Amino acid sequence: MLRRSLLLAVIVFGSLSPALAQGEPTLAALIVDGQNNHRNWPNTTRMMKKYLEDTGLFRVDVATTAPRGTDPAFRPDFSKYQVVVSNYNGAPWPEETQQNFVKYVQNGGGLVVVHAANNAFGDWAEYNQMIGLGGWGGRNERSGPYVYLDAEGKLVRDESKGSGGHHGPQHPFAIIVRDGEHPVTKGMPREWLHVQDELYDLLRGPGENMQILATAYADKAKGGSGRHEPMIFTIEYGKGRVFHTPMGHGDDSQECVGFITTLVRGAEWAATGKVALPIPDDFPTADKTSQRPFGK
Ligand code: ZN
């Protein structure tokens with residue numbers, strides 16, 4: 001009898017809890033932005049915020065720095081979030097914010113790195129450990145090897161000298177899933193066509209504790225490196241999970257259903273280690289891109 005009333009209490013209180021009754025978002029995400037050599041960053045923040053919110057899974061805050069220089073007032077409380085999405089490529093954060101950020105990821109916080117966020121903080125060792133690979137920002141052989149896959153799909157860590165980060169003219173390109181068993185890529189077609197984007201190549205960095213889930217061939221005929229470059233990858237940093245995609249240069253690139261799906265599943269994985277969000281019906285195929293006009 002006691003057991004039954006306990007069970008009843010659980011059911012009643014459970015059903016009254018807003019999270020369960022109304023399907024309210026269960027994960028807290030923070031987008032950081034404010035400085036970026038990509039002037040469309042306010043658009044891409046808006047887009048990514050909506051993509052995350054539209055899943056019903058995420059409640060999303062945005063923390064924006066001052067437009068120039070180190071912003072002493074930029075002190076988000078990262079510990080309130082399960083995942084931080086970086087759309088930031090600018091001046092160093094205040095020392096204390098950097099330390100709090102490292103602590104946050106080390107203690108199990110999730111991080112999602114999108115496109116030019118991997119250009120940021122070339123001199124910040126811990127950040128470069130977290131993101132695995134980066135480009136520009138003074139990166140060179142001292143930052144770590146070039147990491148890519150060869151024609152046989154074998155991982156190459158190339159220590160040769162040279163600057164990190166390059167891309168040819170924008171074009172649509174094929175994403176090749178290399179690990180279809182990871183929660184983020186599970187169920188994706190083995191090959192899908194990404195909407196016009198910058199194909200980042202020659203990224204370099206420590207590349208430690210890193211798993212490459214998908215690559216794109218940076219064709220020399222399209223101004224690329226001639227290598228299979230990491231396009232969807234993960235890094236373990238302390239107890240934290242980091243999800244990294246160099247895709248997402250333009251508003252149009254971020255309208256790609258492949259990008260959207262990769263972003264929201266990557267964020268869910270970074271936050272929880274699992275993925276329940278589905279691959280949508282309008283996902284791109286090997287020969288056809290798929291774009292959802294965002295509307296301004
Ligand atoms: Zn770009």
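Being a predicted model, the structure only gives us computed values, none of them experimental. Counting starts at 1 for both ligands and their atoms, following the listed order.
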Item to check | Minimal non-hydrogen separation, Arg204 against Lys161, with atom names | outcome: NH1-C, 3.8 Å

Next on the checklist: Need the atom name: nearest N/O/S atom of Glu198 to the Zn ion (ligand 1).
Outcome noted: OE1

Checklist entry - Is it the case that one hydrophobic cluster holds both Met210 and Val242, taking links as side-chain heavy atoms less than 4.5 Å apart, direct or via other members? => result yes

Item to check | Under 2.8 Å: N/O/S of His167 next to the Zn ion (ligand 1) | outcome: no

Checklist entry - If you look at His249, which of its N/O/S atoms is nearest to the Zn ion (ligand 1)? => result ND1

Next on the checklist: Keeping His115 on the side-chain end and Pro246 on the backbone end, is there a donor-acceptor pair under 3.5 Å?
Outcome noted: yes

Item to check | Check: Glu255 side chain, Gln291 main-chain N or O, donor-acceptor pair, under 3.5 Å | outcome: no

